[in-house]
2 protein chains.
Amino acid sequence: MNGHSGFEAATIHCPECPVRRLALFQPLDPGEVSIAEAFRTEFRHLKPGNAIFRQGEDIKEVYTLHEGWAYLYQNLVDGGRQILRVILPGDFFGFQVDMGDGVRIYSAQALTAVALCVFPAANILKMVREHVELGIRLIWMTAHDEAVAYEQVVSLGRRTARERVAYLLLDLFHRLRLRQRNPEGIRTVDLPLTQELIADICGLTQIHVNRTLKSLRNDNLLELKGGKLYVPDVDLLACEAKHSHSVFTKRPML
Amino acid sequence: MNGHSGFEAATIHCPECPVRRLALFQPLDPGEVSIAEAFRTEFRHLKPGNAIFRQGEDIKEVYTLHEGWAYLYQNLVDGGRQILRVILPGDFFGFQVDMGDGVRIYSAQALTAVALCVFPAANILKMVREHVELGIRLIWMTAHDEAVAYEQVVSLGRRTARERVAYLLLDLFHRLRLRQRNPEGIRTVDLPLTQELIADICGLTQIHVNRTLKSLRNDNLLELKGGKLYVPDVDLLACEAKHSHSVFTKRPML
DNA sequence: CGCGCCGTTGAGCCCGTTCAAAAAGTGTGG
DNA sequence: CCACACTTTTTGAACGGGCTCAACGGCGCG
């Protein structure tokens with residue numbers, strides 16, 4: 001599912017990689033991109049639900065998601081969990097402070113079937129020291145992730161269930177559209193999230209997510225069924241999501 | 001208030017700066033620290049409540065807080081606000097993606113009287129290109145801020161009011177203790193937060209923060225009065241805060 | 001003294017939760 | 001193609017944590 005089409009690891013080369021424009025190595029000139037490939041050690045496939053890494057493990061690798069959906073999350077003592085970030089193709093993830101001796105402070109899991117570009121964590125600092133521009137790129141991406149995290153803090157701290165769900169789906173809608181050939185005309189995107197996952201992102205229960213979606217559907221703001229998200233009017237949904245400023249505008253990448 | 005003691009800008013030099021061990025330039029060897037000083041353009045004083053920068057403004061500077069308290073926040077359309085991060089002496093802040101042409105996505109404000117080390121934003125990339133280790137340090141700090149933001153996401157998404165307030169005060173207690181000579185023995189710290197500010201951090205109302213503090217006080221977990229926070233048993237409070245893993249342990253800095 | 005800010009307390013309401021159950025997919029093997 | 005198990009979605013009813021509205025007390029300061 002999700003259009004996975006059986007790549008051979010050996011046939012994927014970074015310079016012609018279709019998701020590269022979104023990824024860590026995007027700003028490098030063609031000669032430098034091969035640097036990335038030299039550092040990449042593996043091209044890995046995982047099934048839906050498989051763990052990529054777990055809270056508490058040593059940090060051995062960092063990743064670029066090549067295909068499919070994944071997410072970062074934390075488990076809680078009471079059995080619940082909070083999803084920290086949804087990862088789409090081209091997104092870089094798994095980078096963390098204490099890369100040397102630290103452990104994972106969150107887990108990562110494949111949501112659909114995924115293909116991953118794997119880089120050894122130990123090489124990252126070496127890479128940065130040898131190629132300063134790559135270091136700057138890494139600073140940029142980490143700062144972007146921080147900004148996105150702050151946006152989620154605002155959502156969870158101050159927005160209602162309707163606003164949170166609207167904001168999440170709008171965000172995903174934008175990010176997915178940018179990965180398409182002709183972003184403008186698109187009103188429907190594939191969205192393999194279950195209501196339970198939406199709940200774990202928005203800090204709600206699955207049941208209340210269901211009622212919230214129903215309410216949004218009744219107001220013709222969106223339609224979510226069978227893994228497809230339909231948004232008739234993006235501006236209307238944006239209004240509902242109440243994002244005072246916007247991470248979408250001037251978004252540096254993704 | 002808050003022990004502000006009238007420094008002269010000219011008399012503060014980075015190599016002997018008392019908060020340097022916490023700051024951006026901590027890992028540099030003595031010779032390199034003077035680099036930082038060469039880039040610093042100003043040592044600025046602000047009064048309580050003064051804005052450091054505002055949402056929507058161009059990004060012209062980044063900062064290290066030298067003395068006092070400050071915080072980052074976002075205003076919402078409905079008049080509410082969400083505090084994103086509390087800044088203590090030695091903390092570096094104001095760095096953001098799109099440093100060149102972007103605008104602030106959040107505001108920063110002095111909570112007490114503050115003293116700031118100001119660096120021109122335009123020089124940051126130049127600095128990184130000339131001193132790779134400083135770039136690595138910047139990656140590290142940004143990744144740390146991201147981790148702290150994720151922790152707040154978990155708090156706001158999945159924890160009760162009691163847990164959120166307990167977690168916040170415990171976090172501040174830890175951070176403040178680390179800035180003291182003899183961290184172990186300390187049970188009381190200065191904490192100039194009003195209940196309204198705590199509410200804006202924890203995503204609650206001031207009234208409910210009041211009731212929550214009362215409840216925590218009744219259980220002998222903490223005492224907060226007259227700008228002083230007293231924690232009789234850190235472990236007991238940590239248990240209440242329910243942080244499954246800990247940003248405190250293995251904390252790389254701060 | 002009077003004003004403004006901050007903290008405290010009470011009463012009632014509402015958004016989102018919990019508990020419970022049924023309906024509607026979805027995939028698997030016979 | 002159907003039977004079966006399992007996951008996901010839907011709906012109902014009742015509870016409760018945190019909010020709103022309102023009022024009062026304490027404290028610092030001009």
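Every chain is numbered from 1, with letters handed out A, B, ... down the list of sequences. Below, each value reflects all heavy atoms present in this structure, side chains not excepted, and no hydrogens, waters or symmetry copies. Nothing here was measured: the structure is a model prediction, and the numbers come from that model.
Between the C1' atom of D/dG17 and the CG atom of B/L156 lies a distance of 16 Å, rounded to the nearest Å. Atom CZ of A/R158 is separated from atom P of D/dG18 by 13 Å (rounded to the nearest Å). For the pair B/H208 NE2 and C/dC14 C1', the computed distance is 14 Å after rounding to whole Å. As rounded to whole Å, 13 Å separates atom P of D/dT10 from atom CG of A/L216.
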| Which letters describe nucleotides 6-12 of chain C, given B = protein heavy atom under 4.0 Å from base, S = only from sugar-phosphate, - = neither? | -SBBBB-
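When the side-chain nitrogen and oxygen atoms of A/T205 are compared with OP1 and OP2 of C/dT17, one or more of them lie within a distance under 4.0 Å.
As judged by a 4.0 angstrom heavy-atom cut-off over every strand, A/G227 is placed among residues making no nucleic acid contact. Counting any heavy atom pair closer than 4.0 Å across all strands shown, B/T160 reaches sugar-phosphate atoms only and no base atom.
Contact of the B/R85 side chain with the A/V153 side chain is not registered, since no non-hydrogen atoms from C-beta on lie closer than 4.5 Å.
A salt bridge links B/D91 to B/R175: one of the charged nitrogens lies within less than 4.0 Å of a carboxylate oxygen. Comment: B/R159 engages B/E151 in a salt bridge, judged by a side-chain N to carboxylate O separation of less than 4.0 angstrom. For the pair B/R179 and B/D190, the salt-bridge criterion is not met [side-chain N within less than 4.0 Å of a carboxylate O].
Evaluated for a side chain to side chain donor-acceptor pair (under 3.5 Å) with B/Q195, the options B/D200, B/T212, B/N210 yield exactly one hit, B/N210.
Below 30°, between 30° and 60°, or above 60°: for B/F93 and B/Y63 the angle between ring planes is below 30°, a parallel geometry.
Residues passing the side chain to side chain contact (heavy atoms under 4.5 Å, CB included) test with B/R217, sequence neighbours excluded: B/K214, B/E223.
There is a side-chain donor-acceptor pair under 3.5 Å between B/Y73 and B/Q109.
Note on the helix from C/dT8-D/dA23 to C/dG30-D/dC1: terminal axis deviation equals 50°, with five pairs used at each end and the result rounded to 10°.
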